[in-house]
Novice: 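Here it is: the structure, laid out below.
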Amino acid sequence: QVQLVESGGGLVQTGGSLRLSCAASGRTLSSYNMGWFRQAPGKEREFVATIRWSGSSNYYADSVKGRFTISRDNAKNTVYLQMNSLKPEDTAVYYCAAAARIPFGDTESRLRDGRTYGYWGQGTQVTVSS
């Protein structure tokens, strides 16, 4: 079992920055692909960013590309999401998720799909004021 706890959310003005953290316990994250997803009120959960278990590849939603950066520190068992140039439409609950790696099976499309991830955190609220 992997337990994930997000932190770092809050209220920020348009154009501001936040860094979300996702701390894991129970298992080492070095064998897990990690993702960030978000859900705004009245909307479905959507993909934000993902990073492979090795850190070799990152993928982003078009809406955040160039503004958000996902990274991981396997020694600290933590994944980060640096969010810059925040916009009101970034307001949502942000969730961290983990998916055990599948050799030769971790395609980009699978890593963008929330159904791939078996472990989820409780979420952290990000609110961007205009």
Side-chain angles (χ1 to χ4, degrees):
Q1 289 283 350
V2 177
Q3 292 80 43
L4 303 173
V5 179
E6 303 95 334
S7 61
L11 174 64
V12 64
Q13 291 186 333
T14 297
S17 298
L18 284 173
R19 187 175 83 153
L20 305 183
S21 298
C22 172
S25 60
R27 294 278 181 90
T28 176
L29 286 186
S30 59
S31 297
Y32 289 81
N33 300 303
M34 301 298 297
W36 285 97
F37 294 78
R38 67 186 182 186
Q39 187 167 21
K43 295 187 176 182
E44 293 187 353
R45 182 183 64 195
E46 65 174 356
F47 165 77
V48 176
T50 184
I51 184 167
R52 290 188 184 277
W53 64 275
S54 61
S56 61
S57 301
N58 307 334
Y59 305 107
Y60 297 93
D62 288 344
S63 59
V64 307
K65 195 175 297 183
R67 299 188 297 121
F68 290 11
T69 302
I70 188 171
S71 61
R72 65 191 300 157
D73 185 337
N74 285 342
K76 295 183 177 180
N77 236 26
T78 302
V79 177
Y80 305 97
L81 185 68
Q82 177 67 43
M83 306 186 296
N84 299 328
S85 303
L86 283 162
K87 306 174 181 180
E89 50 264 43
D90 295 318
T91 295
V93 177
Y94 283 70
Y95 298 91
C96 172
R101 61 181 289 240
I102 300 176
F104 308 109
D106 293 332
T107 62
E108 178 181 346
S109 61
R110 289 192 76 250
L111 295 180
R112 288 175 176 267
D113 190 339
R115 294 171 296 180
T116 297
Y117 297 81
Y119 302 98
W120 294 81
Q122 83 291 346
T124 186
Q125 176 70 46
V126 171
T127 303
V128 184
S129 63
S130 58

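Any value given below was found using the heavy atoms of this structure, including those in side chains, with hydrogens, waters and symmetry copies removed.
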Novice: Going only through I, L, V, M, F, W and Y residues with side-chain contacts under 4.5 Å, is there a path from Met34 to Tyr59?
Specialist: no

Novice: So Val2 and Leu29, do their side chains get closer than 4.5 Å, heavy atoms only?
Specialist: yes

Novice: Look at Lys65 together with Asp62 and state whether they make a salt bridge at an N to O cut-off of under 4.0 Å.
Specialist: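 Between Asp62 and Lys65 there is a salt bridge, with a charged N closer than 4.0 Å to a carboxylate O.
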
Novice: How long is the span from the CD atom in Glu108 to the OG atom in Ser57, to the nearest 0.5 Å?
Specialist: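 So the gap between those two atoms works out to 8.5 Å.
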
Novice: Can you find a pair of side-chain heavy atoms, one from Phe37 and one from Val93, that are under 4.5 Å apart?
Specialist: no

Novice: Measure from the side-chain N and O atoms of Tyr60 to the backbone N and O of Ile70, and report whether any donor-acceptor pair falls under 3.5 Å.
Specialist: yes

Novice: Under a single-linkage definition using a 4.5 Å side-chain heavy-atom cutoff for Ile, Leu, Val, Met, Phe, Trp and Tyr, are Leu111 and Trp53 assigned to the same hydrophobic cluster?
Specialist: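 No; Trp53 is not reachable from Leu111 via cluster members.
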
Novice: Is there a chain of hydrophobic side chains (I, L, V, M, F, W, Y, each step under 4.5 Å between heavy atoms) that links Tyr95 to Val48?
Specialist: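 No, because Tyr95 and Val48 fall into different hydrophobic clusters, even though each may have its own neighbours under 4.5 Å.
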
Novice: Does Trp36 share a hydrophobic cluster with Leu86, counting links as ILVMFWY side-chain heavy atoms below 4.5 Å and allowing steps through other members?
Specialist: yes

Novice: Is the side chain of Thr116 donor-acceptor paired with the backbone N or O of Arg110 at a distance under 3.5 Å, no angle test?
Specialist: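 Flag set: sc Thr116 to bb Arg110 pair under 3.5 Å.
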
Novice: Let me know which of Arg27, Arg72, Arg52 forms a side chain to side chain donor-acceptor pair (under 3.5 Å) with Tyr32.
Specialist: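 In the set Arg27, Arg72, Arg52, the residue that makes a side chain to side chain donor-acceptor pair (under 3.5 Å) with Tyr32 is Arg27.
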
Novice: Once rounded to the nearest 0.5 Å, what's the spacing between atom CG of Leu4 and atom OG1 of Thr78?
Specialist: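 Those atoms lie 10.5 Å apart.
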
Novice: Mind running side chain to side chain contact (heavy atoms under 4.5 Å, CB included) on Arg38 and Leu81 for me, showing each step along the way?
Specialist: CA-CA 12 Å; Arg38 67 186 182 186; Leu81 185 68; over 6 Å; no

Novice: Suppose the criterion is side chain to side chain donor-acceptor pair (under 3.5 Å): which pairs have a residue in residues 8-23, not counting sequence neighbours?
Specialist: Ser17-Asn84

Novice: Flag the pair Cys96 / Trp120 as yes when at least one side-chain heavy-atom distance between them is below 4.5 Å, and no otherwise.
Specialist: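 Of all side-chain heavy-atom pairs linking Trp120 with Cys96, none is under 4.5 Å.
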
Novice: Between the side chain of Glu6 and the main-chain N/O of Gly123, is any donor-acceptor distance below 3.5 Å?
Specialist: yes

Novice: In this structure, which one of Val12, Leu11, Leu18 forms a side-chain contact (heavy atoms from CB on, under 4.5 Å) with Val128?
Specialist: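 For Val128, the side-chain contact (heavy atoms from CB on, under 4.5 Å) test succeeds with only one of Val12, Leu11, Leu18, which is Val12.
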
Novice: Side chain of Ser30, backbone of Thr28: donor and acceptor closer than 3.5 Å?
Specialist: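 No.
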
Novice: Contact between Tyr117 and Thr50 at the side-chain level, heavy atoms closer than 4.5 Å - yes or no?
Specialist: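 In contact.
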
Novice: Compare all side-chain heavy atoms of Arg67 with those of Met83 and state whether any distance is below 4.5 angstrom.
Specialist: no

Novice: Which of these passes side-chain contact (heavy atoms from CB on, under 4.5 Å) with Tyr80: Leu20, Asp73, Thr69?
Specialist: Asp73

